[in-house]
Amino acid sequence: TGVPPLISDPLPGAEEYNPTLRIPVVGTVSAGLAAIEEIVEADTFLHVDPRAAPPLANRSPGKLVALIVNGDSMVSDNAARMVPHGSQVVVELGATPEHGDLVVAWLPNRETLVVKQYQEDRSVVLRSYNPRGPIFRLGEEPIEVRGVVRMVQIFP
């Protein structure tokens, strides 16, 4: 009949492919100075196909969490990329930031978790994209970088 037979046995050495990373949504992060909650236990999950999100490839799934952005300090007409209110950031916890990375940092004096651009010269500076947004300098106040943003998921 010209139809090849169906193969029911997997190819030798083949592994099952699961195309979805299940990333826990663990709370909110401030893009401004609104008081927010610390990271909490996940009650929802962001499902991401790592083939469609190269920044997540080869990252340890156990170190990835998602946070919902609250505020507008990471939005500007002049920014090459933005992190608008209501978007979700996927963060690799414990990753070491490089100059220019977006990070999530805990500001203990303000009891606030923020998303900012990390800059390092003579000292560490966390900047907003919005020119009216806050700037934080290590030395003027304690800053604890919790992780590096690997992906921004913007929802319409």
Side-chain angles (χ1 to χ4, degrees), residues 17-156:
Y17 176 69
N18 183 357
T20 302
L21 285 173
R22 189 170 180 250
I23 302 170
V25 179
V26 295
T28 58
V29 62
S30 178
L33 279 179
I36 58 90
E37 60 192 77
E38 176 65 89
I39 292 177
V40 297
E41 189 172 331
D43 56 357
T44 59
F45 294 85
L46 179 64
H47 296 274
V48 179
D49 184 340
R51 297 174 300 180
L56 301 182
N58 302 319
R59 305 281 178 203
S60 172
K63 292 187 174 193
L64 296 175
V65 298
L67 295 161
I68 300 168
V69 176
N70 179 16
D72 67 355
S73 74
M74 296 305 290
V75 176
S76 169
D77 292 339
N78 298 324
R81 59 181 178 168
M82 291 191 251
V83 186
H85 176 78
S87 62
Q88 291 182 348
V89 290
V90 176
V91 180
E92 182 180 10
L93 297 175
T96 303
E98 296 181 10
H99 182 77
D101 280 345
L102 288 179
V103 298
V104 168
W106 177 249
L107 305 175
N109 289 353
R110 300 169 190 265
E111 296 186 1
T112 300
L113 192 66
V114 295
V115 59
K116 297 290 173 218
Q117 184 180 38
Y118 179 89
Q119 296 182 335
E120 191 171 3
D121 190 9
R122 290 180 222 135
S123 67
V124 172
V125 177
L126 301 181
R127 294 193 175 276
S128 300
Y129 288 156
N130 186 328
R132 296 182 315 259
I135 296 174
F136 305 104
R137 291 176 175 32
L138 184 62
E140 293 177 9
E141 66 181 290
I143 295 171
E144 300 170 15
V145 174
R146 297 286 173 91
V148 176
V149 174
R150 299 299 184 194
M151 187 178 86
V152 177
Q153 183 78 26
I154 299 173
F155 297 98

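Residue numbers start at 1 and run along the sequence shown.
- Judged purely by atom type and a 3.5 angstrom limit, His85 uses its side chain to pair as donor or acceptor with the backbone of Gly71.
- Between Pro84 and Ser87, the shortest heavy-atom contact is O-OG, 2.7 Å.
- Between Phe136 and Arg127, every side-chain heavy-atom pair lies at or beyond the 4.5 Å cut-off.
- Between the CG atom of Leu138 and the CZ atom of Arg122 there is a distance of 15.0 Å, given to the nearest 0.5 Å.
- Side chains of Pro61 and Arg22 form no contact here, defined as non-hydrogen atoms less than 4.5 Å apart.
- Partners of Pro142 according to the side-chain contact (heavy atoms from CB on, under 4.5 Å) rule, which considers only residues two or more places apart in sequence or in another chain, are Pro108, Asn109.
- Atom NZ of residue Lys116 and atom OG of residue Ser73 lie 2.5 Å apart, to the nearest 0.5 angstrom.
- Distance check: Thr44 OG1 to Gln88 CD gives 7.0 Å after rounding to the nearest 0.5 Å.
- The side-chain heavy atoms of Val90 and Gln153, taken from C-beta on, include no pair separated by under 4.5 Å.
- No side-chain heavy atom of Ser30 sits under 4.5 Å from any side-chain heavy atom of Asn70.
- With values rounded to the nearest 0.5 angstrom, Trp106 atom CH2 is found 13.5 Å from Ile143 atom CD1.
- Separation of atoms CD1 (Ile23) and CE (Met151) is listed at 5.5 Å; rounding is to 0.5 Å.
- If you take CG on Asp49 and CG on Leu21, they are separated by 8.0 Å, rounding to the nearest 0.5 Å.
- Contact annotation: the side chain of Leu67 approaches that of Leu113 to within less than 4.5 Å [non-hydrogen atoms, C-beta and beyond].
- Remark: the backbone N or O of Asn130 is not paired with any side-chain donor or acceptor of Ser76 at under 3.5 angstrom.
- A heavy-atom distance below 4.5 Å is not found between the side chains of Met74 and Met82.
- In this structure, Ser128 contributes its side chain and Pro134 its backbone to a donor-acceptor pair below 3.5 Å.
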Practice task
Could you give me the CA-CA distance, side-chain angles and deciding distance for Asp101 and Val149, then say whether side chain to side chain contact (heavy atoms under 4.5 Å, CB included) is met?
Solution key: CA-CA 7 Å; Asp101 280 345; Val149 174; over 6 Å; no
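- Of all heavy-atom pairs between Arg150 and Ala95, the closest is NH2-CB, 3.5 Å.
- Across Leu102, Val75, Asp72, a single residue satisfies side-chain contact (heavy atoms from CB on, under 4.5 Å) together with Tyr129, and that is Leu102.
- Taking every heavy atom of both residues into account, Leu64 and Pro24 meet most closely at O-CD, 3.5 Å.
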